[in-house]
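Below: the structure, in structure tokens.
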Amino acid sequence: MNVRVGSGHDTHRLVEGRPLILGGVRVAYARGLAGHSDADVVLHAVTDALLGAAALGDIGDLFPDTDPRNKDADSRIFLAAALEKLAAAGWRVGNLDVTLFAQEPKLGPVKQAIRANLAALLGVSADAVSVKAKTGEHVGHIGRGEAIGCHTVVLIQKQS
């Protein structure tokens, strides 16, 4: 098979005293995401989608939250490691679709910056990356502004 699809999901609570980082982009907001690393839900979901598509495990296998070396780690490190594993297995990214779920902050103003950054990190053109944002319609933990979630779908292709 020359093409595979992977999906990834991540959710983190919003808390005081942490920066909000989404897709490797620092977003101006009073709260950030709680987590062992920088808690970038976008990069965590993308990393899981890539690893899953290539049947190479998941982010927790490579970077467990029980490892003190991962404390406050930049999630770009996780993504880079996943991309290295993909390349070693003969795969490359075809395209990526990202859906962010956040009641607040409003993400419309930063979607293009996240898209451009993801394209650069993945080594693909911006037209191979889609970033969408949805609210929680005031329902559940996302709708109450307690958390931000992300779902991603990625297509990988065998390198020729």
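We number each residue from 1, following the sequence as shown.
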Sub-4.5 Å side-chain heavy-atom contact between P105 and I148: yes
Test item: L22 and V110 side chains (from C-beta on) under 4.5 Å apart, heavy atoms: no
Interatomic distance, I142 atom CD1 to L14 atom CG [nearest 0.5 angstrom]: 9.5 Å
Heavy-atom donor-acceptor pair, H36 side chain to D67 backbone, under 3.5 Å: yes
Verify same cluster id: L83, L155 (apolar side-chain graph, 4.5 Å): no
Gap separating the NZ atom of K134 from the NE2 atom of H151, nearest 0.5 angstrom: 13.0 Å
V93 vs V154 side-chain heavy atoms within contact, under 4.5 Å: yes
N117 (side chain) donor-acceptor with G23 (main chain) under 3.5 angstrom: yes
Closest heavy-atom pair and its distance - A49, G8: CB-N, 3.6 Å
Least distance between heavy atoms, P64 atom then D61 atom: CD-O, 4.2 Å
Exercise: identify the closest heavy-atom pair between G94 and A128: O-CB, 3.6 Å
Any donor-acceptor N/O pair, D40 side chain to G24 backbone, under 3.5 Å: yes
Short side-chain to backbone donor-acceptor contact, Q159 and W91, under 3.5 Å: yes
Neighbour count >12 (heavy atoms, 6.0 Å) for atom CZ, R4: yes
Considering all heavy atoms, the nearest L86-A54 contact: CD1-CB, 3.9 Å
Test log, rule side chain to side chain contact (heavy atoms under 4.5 Å, CB included), inputs V3 and I156: CA-CA 6 Å; V3 176; I156 61 172; over 6 Å; no
V41 with F63, same ILVMFWY side-chain cluster at under 4.5 Å: yes
L43 vs L118 side-chain heavy atoms within contact, under 4.5 Å: yes
Co-membership, hydrophobic cluster, residues L20 and L121, 4.5 Å side-chain: yes
Non-hydrogen atoms of D97 and S130 that approach each other most closely: OD1-OG, 3.2 Å
Backbone of R92 reached by a side-chain donor or acceptor of Q157 within 3.5 Å: no
Worked verdict on D72 versus R18 for salt bridge (charged side-chain N to carboxylate O under 4.0 Å, His left out): CA-CA 10 Å; D72 296 323; R18 299 235 339 161; 3.2 Å; yes
From CG (L62) to OG1 (T47), nearest 0.5 Å: 9.0 Å
Residue of the set H12, K71, H44 for which side chain to side chain donor-acceptor pair (under 3.5 Å) holds with S37: H44
More than 12 heavy atoms from other groups under 6.0 Å of NZ on K132: yes
Pair R26 + D38, salt bridge at N-O below 4.0 Å: no
Side-chain donor/acceptor of Q103 to backbone N/O of H138, under 3.5 Å: yes
Separation between CD1 of I21 and CG of D74, rounded to the nearest 0.5 Å: 7.0 Å
Minimal non-hydrogen separation, L100 against C150, with atom names: CD2-CB, 4.2 Å
Shared hydrophobic cluster for L33 and I114 (ILVMFWY, side-chain gaps under 4.5 Å): yes
R76 atom CZ, over 12 foreign heavy atoms within 6.0 Å: no
Path from F101 to V27 over hydrophobic side-chain contacts below 4.5 Å: no
Any side-chain heavy-atom pair of L122 and L50 under 4.5 Å: yes
Exam field: side chain R144 to backbone V139, donor-acceptor pair closer than 3.5 Å: no
Stepwise side chain to side chain contact (heavy atoms under 4.5 Å, CB included) test for K111 and V131: CA-CA 6 Å; K111 287 190 310 185; V131 175; 4.2 Å; yes
Exam field: side chain D48 to backbone I59, donor-acceptor pair closer than 3.5 Å: yes
Within-4.5 Å side-chain heavy-atom neighbours: D127 and R115: yes
Donor-acceptor side-chain pairing of T11 and H9 below 3.5 angstrom: yes
